[in-house]
Amino acid sequence: MTMHDTLTRQLLAALDALGGAPDGFRPEFEIPANPEHGDLSTNAAMQLARHFRRSPRHIADSIAEHMKTDPDLVAGVEVAGAGFINFRFADRWLHTRLGHLLSEGSTYGRTRHGAGKRALVEFVSANPTGPLTVGHGRNAVLGDTVATLLEWTGYDVTREYYFNDAGRQMRVLGESVRARYEACARPDMPTKTIDGVTVPGSFPDDGYLGHYIADIAEKLFEEHGARLLDEKSSDIFKQAAEKAIFAGIEATLNRLGIRMDSYFNERTLYDSGAIWDIVDALRQKNLAYDKDGAVWFRTTEFGKEQDTVLVKSSGEPTYRLPDIGYHVNKIERGFDRIVDIFGADHIATFPDVLSGVEALGHDTSKISVLIYQFVTLVRSGEPVKMSTRKATYVTLDELMDEVGEDVTRFFFLMRSANTHLEFDLDLAREASEKNPVFYLQYAHARIASILRKADETGLRSDGQAELSLLTHPAETSLIKQLLGFPEAVHMAAELTEPQKLATWLRDTATSFSKFYGECRIIGQEEALATARLQLASATRIVLHNGLTVLGISAPDSM
RNA sequence: GCGCCCGUAGCUCAACCGGAUAGAGCAGCGGUCUUCUAAACCGCAGGUUGCAGGUUCGAGUCCUGCCGGGCGCGCCA
């Protein structure tokens, strides 16, 4: 039983003296910002003031007086402020929990909130028209970390990548490759200029200008010579491009430590007829109708200003229709929790998708959407406008080359997804030494170093230690911090806000640094040294596990 | 014009779905290495939480209206 549960039960029992708690009442606990306010605090008395028609202070006093707390768990119950009830943990409880932490080791922080449930996290989902950019990086890192967070809270998680290799974008891609290929075969062919880039005369005006297109074309020319010039369709070029680009995307994701469990091709939904079933079902509910040769979705029924086209007059669906089908598919696959990671540009479209899913009789409460604001790159003080087609982007690979994989991941995780991220490339490159990620890694490396040194001096770093010797303020506050790890992971997962864990880990490193500064280990009397070594070891476990959740390495030396 | 997001220290950002004295890092100033990693630690300074109202025991957090920035508002994705 957790401390929360125990205190909840005891508090509810104490309310009997006032006539009993109202039905369904659950006290809320929080960790006070100010340590003087104890280790855990509840505002229950304030919330109950109306119900009991007594002052919060009076109720709090009564609760404090009647609560039967276990002295091994709680050392003090105090009423403060407007009616807060503050609990102070007993050292003995802290030491017991620290012992548990040490024996759990690399699994410490995992909980079972989602045990037996399956979650699907869909992220990246970039169509294979070019290398991943910095913008995709934020999506990728957020999605992967949310997935890991859910795994740590007990979910069985599937990481999925949704893509579309049909459609106009990909046709243009194929034609772009074909034009470059033609130039390889006929070096004397005329050229033209698009957006300042010299391209073959047959190059589509809205073609993809990136250098990778020419690379793909050259490789085709090396393999096939000029034979492909006679190809009627550009399919072979499209397919070669898709294959090469996807391989590149996978390689980039691998560098970031990201492995997808499944790739879902939008075409599946066409082949199975699923999208047409949806149109029929919506028609039957009078939520879809024909106008101007197109099929419209009555989104005005769901509070939108205008209806939305589902099927163009050409007979081709817009992306919204397969999107609805895809989400229905996710639900039908039996996931208990479905998370989408979207850029801010999708903010207005996903409500349509949810409306569609709901109209078809599915429970959309399982679906949650994490929206992240855009990344603005700044280079030499100037914002860089990015376009995949124009090739005026900075790729994720280039970013990692400049600042490293760990810094890249941490940079995307250290801030709330909801805030606009300004990424100054020059600064990231020069100032990488000051990056907060090094602060965390340094603390971990420092502990590893201490453990090595302790080993050399023959100090036991395993086995029995008198943890009750850990009573220095720097020690107890570090222990309290470490014991909050499972809850920090759970909260970050529940809110799908990895940034919460990043912030929490920083606090942990700070707490350790204080301990390190005030409490020597090696050279102390043996029992105390051993106990402190165990505390350092526990900190290492937490930092290691926390960095692992964020997908960042925990080096033993720096 | 409409919808959504953001506005907190000089800069970049926190603040646990309304709680107690709004916190870190960087930049600035001043201290700390003959002892476990100084990529660190300690101290000082820095604020009318964009503005104006409202809701209540209590508002950075919720509501309304302005101001400023971003993203959308297609038979593109």
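Just so you know, these numbers use all the heavy atoms, side chains as well, and skip hydrogens, waters and symmetry mates.
- Its glycosidic angle being within 90° of 0, B:rC33 falls on the syn side.
- For A:M558 and B:rC36, the CE to P distance is 18 Å, given to the nearest whole Å.
- One P atom belongs to B:rC13, the other to B:rG70, and the distance between them is 15 Å to the nearest Å.
- The aromatic ring centroids of A:F485 and A:W504 lie less than 6.0 Å from each other.
- Rounded to whole Å, the C1' atom of B:rG30 lies 45 Å from the corresponding atom of B:rC71.
- A donor-acceptor contact closer than 3.5 angstrom is absent between the side chains of A:Q169 and A:T129.
- Set against B:rU37, B:rC16, B:rA14, the side chain of A:E30 has B:rC16 as its closest nucleotide.
- Counting any heavy atom pair closer than 4.0 Å across all strands shown, A:R506 reaches sugar-phosphate atoms only and no base atom.
- Whole-Å rounding puts the A:F411 CZ to B:rG25 P distance at 17 Å.
- Candidate nucleotides B:rU37, B:rA77, B:rA20 were compared by shortest atom distance to the side chain of A:P32, and B:rA20 ranks first.
- For the pair A:F374 CZ and B:rC71 P, the interatomic distance rounds to 8 Å; values are reported in whole Å.
- Contacts of A:A49 with the nucleic acid, taken as non-hydrogen atoms under 4.0 Å apart, are absent.
- Using a 4.0 Å heavy-atom distance criterion, A:E305 is classed as a sugar-phosphate-only contact.
- Distances were taken from every side-chain heavy atom of A:R520 (C-beta onward) to each of B:rA14, B:rU35, B:rA40; the shortest belongs to B:rU35.
- Comparing B:rC76, B:rC13, B:rC5 by their closest approach to the side chain of A:I347 singles out B:rC5.
- What separates CG of A:D556 from P of B:rA39 is a distance of 18 Å, to the nearest Å.
- For the pair A:T510 and A:I522, both in contact range of RNA chain B, the more 5′-proximal nearest nucleotide belongs to A:I522.
- Checking B:rU37, B:rC5, B:rG19 against the side-chain heavy atoms of A:N418 singles out B:rC5 as nearest.
- Looking at A:D345, its side chain has no donor and acceptor atom pair within 3.5 Å of the base of B:rG72.
- When distances are taken from the side chain of A:S416 to each of B:rC76, B:rA14, B:rA39, the shortest belongs to B:rA14.
- Applying the 4.0 Å criterion to OP1 and OP2 of B:rC41, one finds that A:Y439 has a side-chain N or O inside that range.
- On a pure distance criterion of 3.5 Å, a polar donor-acceptor pair joins the side chain of A:Y319 and the base of B:rA77.
- Interface remark: the A:N86 side chain does form a donor-acceptor pair with the B:rA20 base, using a distance-only criterion of under 3.5 Å.
- Residues A:D352 and A:T299 have side chains that never bring a donor and an acceptor to within less than 3.5 angstrom of each other.
- Within 4.0 Å of A:S449, counting heavy atoms only, lies at least one base atom of the nucleic acid.
- More than 12 heavy-atom neighbours from other residues, nucleotides or ligands sit within 6.0 angstrom of CD1 on A:I522.
- Where A:Q499 and A:F84 meet RNA chain B, the nucleotide closest to each residue was compared, and A:Q499 sits on the side nearer the 5' end.
- No donor-acceptor contact under 3.5 angstrom links the side chains of A:Q481 and A:D507, judged on distance only.
- Residue-to-nucleotide contacts include a donor-acceptor pair under 3.5 Å from the side chain of A:S313 to the base of B:rC75.
- A:I371 comes within 4.0 angstrom of no nucleic acid atom, judged by non-hydrogen atoms across all strands.
- One interatomic measurement links the two molecules: NZ of A:K304 to C1' of B:rC2, which rounds to 11 Å at whole-angstrom precision.
- With hydrogens and angles ignored, a donor-acceptor pair under 3.5 angstrom links the side chain of A:S41 to the base of B:rA20.
- Comparing B:rC75, B:rC41, B:rU37 by their closest approach to the side chain of A:T318 singles out B:rC75.
- Side-chain proximity of A:N164 to B:rA77, B:rA24, B:rC75: nearest is B:rA77.
- The main-chain N or O of A:I367 is never found under 3.5 Å from a side-chain atom of A:T364 such that the two would form a donor-acceptor pair.
- An OP1 or OP2 oxygen of B:rU35 is reached within less than 4.0 angstrom by no side-chain nitrogen or oxygen of A:K453.
- Of the listed nucleotides (B:rA38, B:rA14, B:rA15), B:rA15 has the atom at the smallest distance from the side chain of A:K500.
- Residue A:E36 places its side chain closer to B:rU21 than to any other of B:rU21, B:rG19, B:rC41.
- The aromatic ring of A:H37 sits over the base of B:rA20, with ring centres less than 5.5 Å apart and planes inclined by under 30°.
- With respect to A:D165, the salt bridge (charged side-chain N to carboxylate O under 4.0 Å, His left out) criterion is satisfied by exactly one of A:R171, A:R267, A:K238: A:R267.
- In this structure, NZ of A:K312 is placed 5 Å from P of B:rA77, rounded to the nearest angstrom.
- Atom CZ in A:R446 sits roughly 13 Å away from atom P in B:rU35 (whole-Å rounding).
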